[in-house]
Amino acid sequence: MDLEAVRTYVAVAEAGQFQKAATDLAVTQQAVSKRIAGLERDLGVRLFARTPRGAEPTIDGLAFLPHARELLRVADRAAASVRAGRRPLRVDVINSRGAAARLMRDFHRAHPDVELDIVMLLDIEAAVAAIRSGSIDASFRAVAMPGRPLPEDLTAARVVDEPLHLLTGPAHALAAARTVPLAELAGHRIWMPGILPGSEWGAYYEALAGEFGLTIESTGPNFGSDALLDTIADTPALATFAGEDTRLVWPTGYGLRRIPVTDPVPVYPHSLLHRRDDPHPALPALRAHLAAATTATAPVVGGWIPSWAR
């Protein structure tokens with residue numbers, strides 16, 4: 001069914017005249033007549049009866065009118081859901097349990113009137129492409145990859161440096177430590193299934209392992225955080241990294257330990273990426289909120305990040 005014909009039908013029904021509807025729609029009266037005639041052919045009924053005063057809906061026309069209005073409302077809502085400036089602010093947070101998700105929850109509490117659409121894209125190339133096409137408005141990332149700077153039409157602002165914790169089971173050799181120097185992790189197996197080759201976080205952990213002699217394994221299928229916690233709890237030889245802001249919940253009997261890593265503190269640098277000319281009216285509010293949150297958060301003293309992410 002032609003939506004423009006339906007819109008024209010509603011305009012004629014409300015105006016009571018073909019000419020008035022044509023003026024309201026900024027088209028010719030001939031165009032209005034053709035659209036109505038085409039709609040009547042599609043439906044197999046007459047929608048209007050000519051009167052001295054103009055045009056009045058027939059019985060079939062009156063029956064069709066509320067459905068036509070609802071059809072237009074649904075179409076308008078569908079278009080608004082994907083149109084920048086009218087659709088919700090669409091932000092990529094990589095995962096729902098990390099620092100970026102916390103920042104967006106804080107923003108939502110501070111700005112409950114702003115409609116949000118949270119998405120999770122895996123790699124930075126997909127996020128950059130989605131930002132440039134207008135499919136999303138912003139993404140939290142570690143910015144660039146080595147040798148792959150951001151496109152000139154994108155900009156990035158550092159919003160939070162998230163310290164890493166070591167997560168171990170109760171029988172791990174470091175389980176009793178209150179903190180652990182980064183150098184002491186050399187020789188221990190750190191298991192992180194799901195590292196995506198070519199991703200910015202894959203490059204981050206590759207640089208971390210190379211600089212400090214760590215053994216970071218990404219072998220095996222990634223069954224999610226619950227399966228990872230099961231394995232870490234039952235395997236004394238394995239540990240994993242978790243961001244300080246990453247929300248993890250496990251059964252009491254697991255006895256897992258979260259141990260801050262120090263000397264230096266490895267931090268994951270989250271930045272907000274967006275197009276310089278993104279038109280969404282809520283994006284400035286998000287940027288201002290994050291700028292204020294960054295100012296209020298004490299910087300990590302002596303933190304380590306790869307040189308390409310600084």
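Numbering of residues begins at 1 and proceeds along the displayed sequence. Because only heavy atoms are used, hydrogens play no part in the values below, and waters and symmetry mates are left out as well, while side chains stay in.
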| task | Return yes if some donor-acceptor pair links the side-chain N/O of Thr246 with the main-chain N/O of Gly98 below 3.5 Å, else return no. | result | no
| request: Determine whether Glu206 and Ile216 make a side-chain contact, defined as any pair of heavy atoms from C-beta on separated by less than 4.5 Å. | output: no
| message | Is it the case that over 12 heavy atoms from other parts of the model lie below 6.0 angstrom from the CD atom of Glu70? | response | yes
| query | Side chains of Asp2 and Leu39: does their closest heavy-atom pair fall under 4.5 Å? | reply | no
| query | Do any pairs count as a side chain to side chain donor-acceptor pair (under 3.5 Å) and have a residue in residues 212-229, sequence neighbours left out, and if so which ones? | reply | Arg97-Ser225, Arg189-Glu217
| Heavy atoms, side chains only, cut-off 4.5 Å: are Asp106 and His289 in contact? | yes
| query | Are Phe107 and Val91 side-chain neighbours, meaning at least one heavy-atom pair lies under 4.5 Å? | reply | no
| note | dist Arg275:CZ -> Leu154:CG (nearest 0.5 Å) comes out at 8.5 Å
| said: Using the ring centroid of each side chain, check whether His188 and His172 are separated by less than 6.0 Å. | reply: yes
| task | Can you measure from OH (Tyr9) to CG (Leu43) and round to the nearest 0.5 angstrom? | result | 9.0 Å
| note | Separation between OG1 (Thr58) and CD (Glu40), nearest 0.5 Å, reads 7.5 Å
| said: Tell me whether the rings of Phe18 and Phe48 are parallel (<30°), tilted (30 to 60°) or perpendicular (>60°). | reply: perpendicular
| query | Is it true that Glu244 and Arg102 have a side-chain N and a carboxylate O under 4.0 angstrom from each other? | reply | no
| query | Any link between Leu208 and Val180 through a network of hydrophobic side chains (Ile, Leu, Val, Met, Phe, Trp, Tyr) touching at under 4.5 Å? | reply | yes
| Step by step, would you call Met104 with His108 a side chain to side chain contact (heavy atoms under 4.5 Å, CB included)? | CA-CA 6 Å; Met104 291 308 300; His108 178 60; over 6 Å; no
| said: Please check this pair: side chain of Ser133 against backbone of Ala130, looking for a donor-acceptor N/O pair closer than 3.5 Å. | reply: yes
| CZ on Phe140 to CG on Asn95, rounded to 0.5 Å | 12.0 Å
| said: Looking at Arg90, is its backbone amide N or carbonyl O close enough to the side chain of Asp137 to form a donor-acceptor pair, meaning the two atoms are under 3.5 Å apart? | reply: yes
| query | Taking the side chain from Thr294 and the backbone from Val159, do they hold a donor-acceptor pair closer than 3.5 Å? | reply | yes
| Going only through I, L, V, M, F, W and Y residues with side-chain contacts under 4.5 Å, is there a path from Leu166 to Trp191? | no
| Is Ile195 close to Trp201 at the side-chain level, that is, under 4.5 Å between some pair of heavy atoms? | yes
| field | Considering all heavy atoms, the nearest Pro57-Ala13 contact | value | CG-CB, 4.2 Å
| Sidechain-backbone polar pair: Ser271 side chain, Ala156 backbone, donor-acceptor under 3.5 Å | no
| said: Take a 6.0 Å sphere around CZ of Arg276 and say whether it holds more than 12 heavy atoms from other residues, nucleotides or ligands. | reply: yes
| request: Could you tell me whether a side-chain N or O of Asp92 sits under 3.5 Å from a main-chain N or O of Leu121, the two making a donor and an acceptor? | output: yes
| request: Provide the closest heavy-atom pair for Arg50 versus Ser33 in the form atom of the first, atom of the second, distance. | output: NH2-OG, 4.4 Å
| query | Are Leu248 and Met120 connected in the hydrophobic side-chain network, where two residues link if heavy atoms are under 4.5 Å apart? | reply | no
| task | Apply side chain to side chain contact (heavy atoms under 4.5 Å, CB included) to Ile232 and Trp250, showing your working. | result | CA-CA 11 Å; Ile232 295 299; Trp250 56 81; over 6 Å; no
| said: Does any part of the side chain of Val32, heavy atoms only, come nearer than 4.5 Å to the side chain of Gln19, both counted from C-beta? | reply: no
| task | Identify the two heavy atoms, one from Pro193 and one from Gly220, that lie closest to each other, and give their separation to 0.1 Å. | result | CB-O, 4.2 Å
| Within-4.5 Å side-chain heavy-atom neighbours: Asp263 and Leu182 | no
| request: Could you tell me which non-hydrogen atom of Ala127 sits nearest to which non-hydrogen atom of Ser139, and how far apart they are? | output: CB-OG, 3.7 Å
| said: Do Ile259 and Val261 sit in one hydrophobic cluster, given that two such residues count as connected whenever their side-chain heavy atoms are within less than 4.5 Å of each other, even indirectly? | reply: yes
| query | Taking the six-membered ring for Trp, are Tyr268 and Tyr204 parallel (under 30°), tilted (30 to 60°) or perpendicular (over 60°)? | reply | perpendicular
| request: For residues Arg109 and Pro112, report the shortest heavy-atom separation together with the two atoms involved. | output: O-CD, 3.6 Å
| query | Quick one: does Leu256's side chain get under 4.5 Å of Leu229's, heavy atoms only? | reply | yes
| request: Run the numbers on Asp278 and Ile131 for side chain to side chain contact (heavy atoms under 4.5 Å, CB included), then give the verdict. | output: CA-CA 9 Å; Asp278 185 283; Ile131 293 171; 5.9 Å; no
| task | Report yes or no: do Asp230 and Tyr254 form a side-chain donor-acceptor pair below 3.5 Å? | result | yes
| said: Is it the case that the side chain of Thr51 and the backbone of Gly54 share a donor-acceptor pair, with hydrogens and angles ignored and the cut-off at 3.5 Å? | reply: yes
| message | Just to verify, what does Gln17 make a side-chain contact (heavy atoms from CB on, under 4.5 Å) with, not counting sequence neighbours? | response | Lys20
| query | More than 12 non-hydrogen atoms from neighbouring residues, nucleotides or ligands closer than 6.0 Å to CZ on Arg105, yes or no? | reply | yes
| Stepwise side chain to side chain contact (heavy atoms under 4.5 Å, CB included) check, Arg35 with Val12 | CA-CA 11 Å; Arg35 291 177 186 177; Val12 174; over 6 Å; no
| Does anything in residues 152-169 pair up under side chain to side chain donor-acceptor pair (under 3.5 Å), and if so which pairs, sequence neighbours excluded? | Arg132-Asp153, Arg158-Asp161, Glu162-His270
| What distance separates Leu47 CG from Ile59 CD1, expressed to the nearest 0.5 Å? | 13.0 Å
| What heavy-atom pair brings Pro151 and Val128 nearest, and what distance separates the two atoms? | CG-CG1, 3.9 Å
| request: Check for a donor-acceptor pair, side chain of Arg257 on one end and backbone N or O of Gly255 on the other, with a separation under 3.5 Å. | output: yes
| query | Would Val74 end up clustered with Met1 when hydrophobic side chains under 4.5 Å apart are linked, directly or stepwise? | reply | no
| task | Count the heavy atoms of every other residue, nucleotide or ligand shown that sit under 6.0 Å from NE2 of His111, and state whether that count exceeds 12. | result | yes
| field | Distance in Å, Glu56 CD paired with Leu62 CG, rounded so as to fall on 0.5 Å steps | value | 9.0 Å
